[in-house]
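A short worksheet on the structure shown next.
What's counted below: heavy atoms across the whole structure, side chains too, no hydrogens, waters or symmetry copies.
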Amino acid sequence: MLRNLWREWLRVSKHIGSFNARALITLIYFTILALFGLPLRFLADPMGIKRRPRASAWLRRTTQDLDLDTARKQG
């Protein structure tokens with residue numbers, strides 16, 4: 001009788017352990033993601049939007065000579 005009870009407990013405890021492991025890993029993942037992502041979201045400016053205001057959002061670019069050799073070097 002105790003042997004059957006022990007086997008049943010092992011089966012149930014395997015399911016409980018699997019659930020706990022998934023919950024813990026998910027919690028750790030989102031905690032690390034939040035600790036990295038929130039400061040990055042508020043401090044990073046990859047598109048240069050938060051810089052000094054300008055009359056236009058367009059960026060100046062320098063032109064190059066448009067000849068056949070330059071076109072061949074593109075790829």
Side-chain angles (χ1 to χ4, degrees):
M1 182 174 133
L2 286 177
R3 186 171 292 182
N4 290 337
L5 186 63
W6 180 250
R7 269 195 229 128
E8 194 63 29
W9 168 247
L10 287 179
R11 188 179 68 77
V12 170
S13 66
K14 185 184 267 188
H15 291 294
I16 292 171
S18 177
F19 175 78
N20 280 343
R22 288 181 186 168
L24 187 61
I25 288 173
T26 302
L27 181 68
I28 289 171
Y29 174 77
F30 283 112
T31 301
I32 290 173
L33 188 69
L35 289 176
F36 178 74
L38 286 176
L40 187 65
R41 179 180 176 121
F42 292 116
L43 298 177
D45 186 22
M47 294 179 64
I49 295 172
K50 295 179 184 176
R51 293 186 196 150
R52 58 188 157 93
R54 292 182 277 198
S56 173
W58 290 88
L59 299 176
R60 295 220 178 261
R61 72 176 184 97
T62 58
T63 58
Q64 298 176 354
D65 293 333
L66 301 176
D67 58 356
L68 189 56
D69 289 333
T70 307
R72 286 185 179 147
K73 290 179 185 178
Q74 288 183 10

[X]: what forms a side-chain contact (heavy atoms from CB on, under 4.5 Å) with it, not counting sequence neighbours?
| X | answer |
| --- | --- |
| Leu40 | Phe36, Ala44 |
| Ile28 | Leu24, Ile32 |
| Arg7 | Arg3, Asn4 |
| Asp69 | Asp67, Arg72 |

- Task: Considering non-hydrogen atoms only, spot the tightest contact between Ala34 and Pro39 and give its length.
- Result: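 Heavy atoms only, the tightest pair is O-CD, 4.0 Å.
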Rest of the hydrophobic cluster containing [X] (Ile/Leu/Val/Met/Phe/Trp/Tyr, side-chain heavy atoms under 4.5 Å)?
| X | answer |
| --- | --- |
| Leu27 | none |
| Met1 | none |
| Leu35 | none |

- Task: Give every residue pair that meets the side chain to side chain donor-acceptor pair (under 3.5 Å) criterion with at least one member in residues 11-40, sequence neighbours excluded.
- Result: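 The answer is Glu8-Arg11.
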